[in-house]
Amino acid sequence: MKLIVDFANLHQIKEMYSYYPVDGVTTNPSILAKEGKNPYEVLKAIREFIGSNSELHVQVVSLDAEAIVKEAHKIREELGASTYVKVPVTREGLKAIKILAKEGVNITATAIYTQMQAYLAGKAGALYAAPYVNRIDNLGADGVKVAKEIHDIFKKNELKTEVLAASFKNSQQVLELAKYGVGAATIAPDVIEGLIKLDAVTCAVEAFTKDFEKLCGKGKTMINC
């Protein structure tokens, strides 16, 4: 399962890249709005940092199919042909996905709440489908279960589409989908940090350090013992 940073702040993206084995960056209009800058200024800086071969997912804002297609072309013109264009799975969105997929555009179908939304997006040619795990939970359903079922639907129907699970509230949700082998998860920095933030680990490391310092002296390591 790929791990993709769900954020647009370049400083935090760089920090995530320095510590964790992440595979790319996803953004959406709300995330970009938090930066308070021109969207392309932010996105070009991210693209420059992660490189042309890493995944960058950028969402359209237009609502009708014709405008979505034009916006997708502009996004690729500014950020490179390898950029994944995120298109919400509405009626107009599906029409646009069909057109763009025929042109060879990398499409991430987003704003997915149901299995059939994902199936239709896959049939239309999307390479990723992004179910909103936590938001599905908030509607009274089981977001992890929905994401797993979407994964199974793609495999059983021999679609090339992969799940790009989104909207997580905790690391347990990420774990469940990693165990299941879904294609990717897009995760906010605080949830990524939570994947390894355990008091038991901290206590174990502190105990090792204290025992070694008793043997070799304060501040000593295997470098200078």
Side-chain angles (χ1 to χ4, degrees), residues 1-52 54-63 67-68 71-72 74-80 82-90 93 96-97 105-113 117-118 121 126-139 143 147 162-171 173-174 177 182-195:
M1 184 178 78
K2 294 179 182 177
L3 289 177
I4 303 179
V5 181
D6 194 27
F7 218 59
N9 182 274
L10 186 58
H11 174 74
Q12 285 194 270
I13 289 170
K14 287 181 176 180
E15 186 173 7
M16 292 297 101
Y17 264 76
S18 69
Y19 286 100
Y20 300 99
V22 296
D23 300 285
V25 175
T26 62
T27 63
N28 63 42
S30 298
I31 288 173
L32 289 172
K34 292 178 182 178
E35 296 306 299
K37 301 177 183 177
N38 180 275
Y40 283 117
E41 178 185 345
V42 174
L43 291 165
K44 285 180 179 179
I46 294 171
R47 171 57 83 196
E48 182 179 1
F49 171 68
I50 68 175
S52 60
S54 291
E55 291 189 12
L56 176 60
H57 300 248
V58 180
Q59 187 166 327
V60 298
V61 182
S62 300
L63 300 178
I68 289 171
E71 198 171 341
K74 176 65 173 178
I75 288 169
R76 280 163 44 96
E77 177 186 326
E78 294 287 343
L79 301 169
S82 63
T83 304
Y84 285 78
V85 179
K86 295 174 67 177
V87 179
V89 183
T90 61
I97 290 171
V105 176
N106 295 331
I107 297 295
T108 298
T110 193
I112 290 175
Y113 288 81
Q117 268 186 294
L127 297 182
Y128 280 117
Y132 288 171
V133 175
N134 191 51
R135 295 190 189 188
I136 293 170
D137 280 358
N138 291 339
L139 292 176
E162 293 282 357
V163 170
L164 173 59
S167 177
F168 292 97
K169 65 179 177 181
N170 58 55
S171 58
Q173 293 172 320
V174 180
L177 294 179
V182 304
T186 175
I187 314 171
D190 60 330
V191 178
I192 293 177
E193 294 281 7
L195 298 178

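What you see below is based on every heavy atom in this structure, not just the backbone, and it leaves out hydrogens, waters and symmetry mates. For clarity, every value in this text was computed on a predicted model and none was experimentally measured.
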Please tell me if the side chains of [X] and [Y] come closer than 4.5 Å, counting only heavy atoms from C-beta onward.
X	Y	value
T186	V25	no
H57	T83	no
V61	E71	yes
V85	V105	yes
V5	T26	no
V42	L10	no
I13	F49	yes
Y20	I192	yes

Checking the side chain of [X] only, and the main-chain atoms of [Y] only, is there a donor and an acceptor separated by less than 3.5 Å?
X	Y	value
Q59	P29	no
R47	G51	yes
D190	E193	no
D23	L3	yes
Q117	P131	no
E78	K44	no

Spacing of [X] atom [atom1] and [Y] atom [atom2] [to the nearest 0.5 Å]:
X	Y	atom1	atom2	value
S167	D6	OG	CG	9.0 Å
Y128	K86	OH	NZ	12.5 Å
I187	L195	CD1	CG	5.5 Å

Specify the closest pair of heavy atoms between [X] and [Y], including all atoms of both residues, with the distance to one decimal.
X	Y	answer
M1	V174	CE-CG1, 3.8 Å
S82	S52	OG-O, 3.0 Å
V133	A147	CG2-CB, 4.5 Å
Y17	I50	OH-CG2, 3.5 Å
V89	A109	CG2-CB, 3.5 Å
A8	L32	CB-CD2, 4.0 Å

Next on the checklist: If only side-chain N and O atoms count, and only distance matters, is there a donor-acceptor pair under 3.5 Å linking T110 with Y132?
Outcome noted: yes
Next on the checklist: Under 3.5 Å, is there a donor on one side chain and an acceptor on the other for N106 and E55?
Outcome noted: no
Checklist entry - Who are the salt bridge (Lys or Arg N to Asp or Glu O under 4.0 Å) partners of K169, not counting sequence neighbours? => result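 By the salt bridge (Lys or Arg N to Asp or Glu O under 4.0 Å) rule, K169 matches no residue at all.
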Next on the checklist: Restricting to ring pair (Phe, Tyr, Trp, His ring centres under 6.0 Å), what partner residues turn up for Y19, sequence neighbours left out?
Outcome noted: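 Not a single residue meets the ring pair (Phe, Tyr, Trp, His ring centres under 6.0 Å) criterion with Y19.
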Item to check | Heavy atoms of other groups near E77 CD, more than 12 under 6.0 Å | outcome: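 Counting other residues, nucleotides and ligands, CD of E77 exceeds 12 neighbours.
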Next on the checklist: The test is side-chain contact (heavy atoms from CB on, under 4.5 Å); show your working for V60 and I75 and say whether it passes.
Outcome noted: CA-CA 8 Å; V60 298; I75 288 169; 4.0 Å; yes
Next on the checklist: Show every side-chain hydrogen bond (donor to acceptor under 3.5 Å, both in side chains) that has at least one partner inside residues 27-40, sequence neighbours left out.
Outcome noted: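 Every pair satisfying side-chain hydrogen bond (donor to acceptor under 3.5 Å, both in side chains) with a residue in residues 27-40: N9-E35.
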